[in-house]
Amino acid sequence: MNFELTEEQKRVQARAREFAEQEVAPVAREADERGEFPLHLVKRMGELGFLAGPIEPQYGGSGMDYVSYALLCEELGRTDSSVRGFLTVHTSLVSLCIRDWGSEEQKSHYLPRLATGEWIGCYALTEPNAGSDAASMETTAREEGDSYVLNGEKIWITNGISAHVAIVFASRDRSARHKGICAFVVETDMPGFQRAPMGGKELGHRASEHVHITFKECRVPKSALLGAAGEGFKVAMSALDRGRLGVAAGAVGVAQACLDASIAFVKDRRQFGQRVADFQMIQATLADMAADVEAARLLVYRAAWAKDQGLPTTKATSIAKLFATEAAMKAASEAVLMHGNRGYSNEYPVERYYRDIKGLQIYEGTSHIQRLIIARELVGHAR
Ligand SMILES: Cc1cc2nc3c(=O)[nH]c(=O)nc-3n(C[C@H](O)[C@H](O)[C@H](O)COP(=O)(O)OP(=O)(O)OC[C@H]3O[C@@H](n4cnc5c(N)ncnc54)[C@H](O)[C@@H]3O)c2cc1C
């Protein structure tokens, strides 16, 4: 067993770290405060070869392996979950989905544009009455001649304001449940595609674009189908299976950032005539955090490695997402506590890590759903 990264993986990690520290970190707090995504970073991520990391070079990608992709997501997650979230939706849920399920025409039309950041992608699955139970979706796709006509609503769609293209899931036969679902690549300027920011102020990921999409007699050509008619549920689940790896890696980054910030703070802060770092209770907390970060990182790298080997990865990816997001949630909570009143203000980044991390436990399948997936692999489906 070799735990050493390859030279190429180390290069991706170093490039991602430099970009995150020099270009993301200086704008992250202000973007969070203003609730605006720093869109200038999108083209930059395209130039650096990040937006289409694992996509083959013939479609404009960098052809990186999944371990490298996990390292990239970890480094971005360490600095800002809104930027990491942008990347994983755009790349894992949109580009890789088109790469795996698209026709040659769809791949050559969309992938190069998504790789440079000329176009932005979003993934529209969740609905007001269909979250974890995606197969119960109410959005419909009516077949009419050479077209499908979409009607329905999607909510919480990340990247949705700026997106030029959306992967949309709709049912052509609701009584067939998951077997009735179709996936479409929809260009967002189609008549009948309407979007508006979600109401309310988010707990975290405040720089991300979260959108409510309404389809009103939105007519798309049959060539917009991604995969065959009725295969949409498989398309959706395979995208999430891949997407979860990026989320899990992002969570490792958040946990590491919490640990780094806490160590720096407690070494500097003095109370009762000594460094806070010298209290044993604080040391025990730091040691537990460090053990969790390492364990989460190994689970993520192992799931990425298994993907690179072409092995089945559903259980490994769900275990990685479950463990890493729970570990990062715990780390963020402890980090705020160790910072005392300073951790309660956005003067220090741990406040943002604490708000952002909850989202990672919810999207791309909540922690409950990850447990369900893992348990199904252990004991099979109920008859
Ligand atoms: C920041 C953010 C970004 C998002 N981005 C996107 C996006 O880009 N595209 C998109 O399509 N969606 C997106 N979502 C939506 C997200 O994927 C859903 O919120 C998530 O899948 C859960 O669905 P729900 O919120 O409707 O919860 P529900 O499904 O209503 O669940 C409510 C609670 O019940 C639990 N539960 C449900 N079923 C079971 C079960 N069988 N066993 C045990 N517990 C269960 C859940 O775990 C949860 O705790 C985003 C959400 C957030 C917060």
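As the structure lists them, so they are numbered: ligands from 1, and atoms in each ligand from 1. Computation of the quantities below employed the complete heavy-atom set of this structure, encompassing side-chain atoms and omitting hydrogens, waters and symmetry-equivalent molecules.
- Taking 4.0 Å as the cut-off between side-chain N and carboxylate O, Arg17 and Glu75 count as a salt-bridged pair.
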Could you walk me through whether Arg355 and Glu351 satisfy the salt bridge (Lys or Arg N to Asp or Glu O under 4.0 Å) test, starting with their C-alpha distance in whole Å, then the side-chain angles of each, then the deciding distance to 0.1 Å, before giving a yes or no? CA-CA 6 Å; Arg355 288 187 287 104; Glu351 181 263 357; 2.9 Å; yes
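- At a 4.0 Å heavy-atom cut-off, ligand 1 touches Thr126 through backbone and side chain alike.
- Between Phe233 and Phe169, a ring centre-to-centre spacing not shorter than 6.0 Å is recorded.
- Numbered from 1 in the order shown, with element, the atoms of ligand 1 that lie under 4.0 Å from a heavy atom of Ile362 read 19 (O), 20 (C).
- Distance screen at 4.0 Å: atom 29 (O) of ligand 1 has a protein heavy-atom neighbour inside the cut-off.
- For ligand 1, the atoms sitting less than 4.0 Å from at least one non-hydrogen atom of Tyr123 are 7 (C), 8 (O), 9 (N), 10 (C), 11 (O), numbered in the order shown with element in parentheses.
- At a distance under 4.0 Å, a protein heavy atom can be found next to atom 6 (C) of ligand 1.
- Residue contacts with ligand 1: Ser132 is included, with a non-hydrogen atom under 4.0 Å away.
- With sequence neighbours excluded, the residues that form a side chain to side chain contact (heavy atoms under 4.5 Å, CB included) with Val336 are Val350, Tyr354.
- Screening residues 41-67 for ring pair (Phe, Tyr, Trp, His ring centres under 6.0 Å) gives Phe19-Phe50 as the qualifying pairs, with residues at least two apart or on separate chains.
- Under 4.0 Å is where a charged nitrogen must lie from a carboxylate oxygen, and between Lys321 and Asp241 no such pair does.
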Intermediate values then yes/no, ring-ring contact (aromatic ring centres under 6.0 Å, His included), Trp119 and His109: CA-CA 11 Å; Trp119 281 18; His109 183 65; 5.8 Å; yes
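- For Tyr363 and His210, the ring centers are positioned 6.0 Å apart or more.
- Separating the CD1 atom in Ile369 from the CG atom in Leu322 is a distance of 11.5 Å, to the nearest 0.5 Å.
- Counting heavy atoms closer than 4.0 Å to ligand 1, residue His210 contributes side-chain atoms (C-beta onward) but none from N, CA, C or O.
- Listed here is the closest heavy atom pair of Cys122 and Thr158: CB-O, 3.2 Å.
- Inclusion of His205 in the set of residues having an N or O under 3.5 Å from an N or O of ligand 1 is not warranted.
- Scanning all protein heavy atoms for the shortest distance to atom 4 (C) of ligand 1 gives Trp156 O, 3.3 Å.
- The presence of a protein heavy atom under 4.0 Å from atom 34 (O) of ligand 1 is ruled out.
- What sits closest to atom 24 (P) of ligand 1 on the protein, heavy atoms only, is Gly131 CA, 4.0 Å.
- Each of the following atoms of ligand 1 lies closer than 4.0 Å to a heavy atom of Leu125: 11 (O).
- Within the listing of ligand 1, atoms 40 (C), 41 (N), 42 (N) sit less than 4.0 angstrom from a heavy atom of Leu372.
- Taking atom 2 (C) of ligand 1 as the reference point, the nearest protein heavy-atom neighbour is Tyr363 CD2, 3.4 Å.
- In this structure, the protein non-hydrogen atom closest to atom 39 (C) of ligand 1 is Ile369 CD1, 3.9 Å.
- Closest to atom 8 (O) of ligand 1 among all protein heavy atoms lies Thr158 N, 3.0 Å.
- Going from atom CH2 of Trp101 over to atom NZ of Lys107 covers 12.0 Å, rounded to the nearest 0.5 Å.
- At a 3.5 angstrom cut-off on N or O pairs, His368 counts as close to ligand 1.
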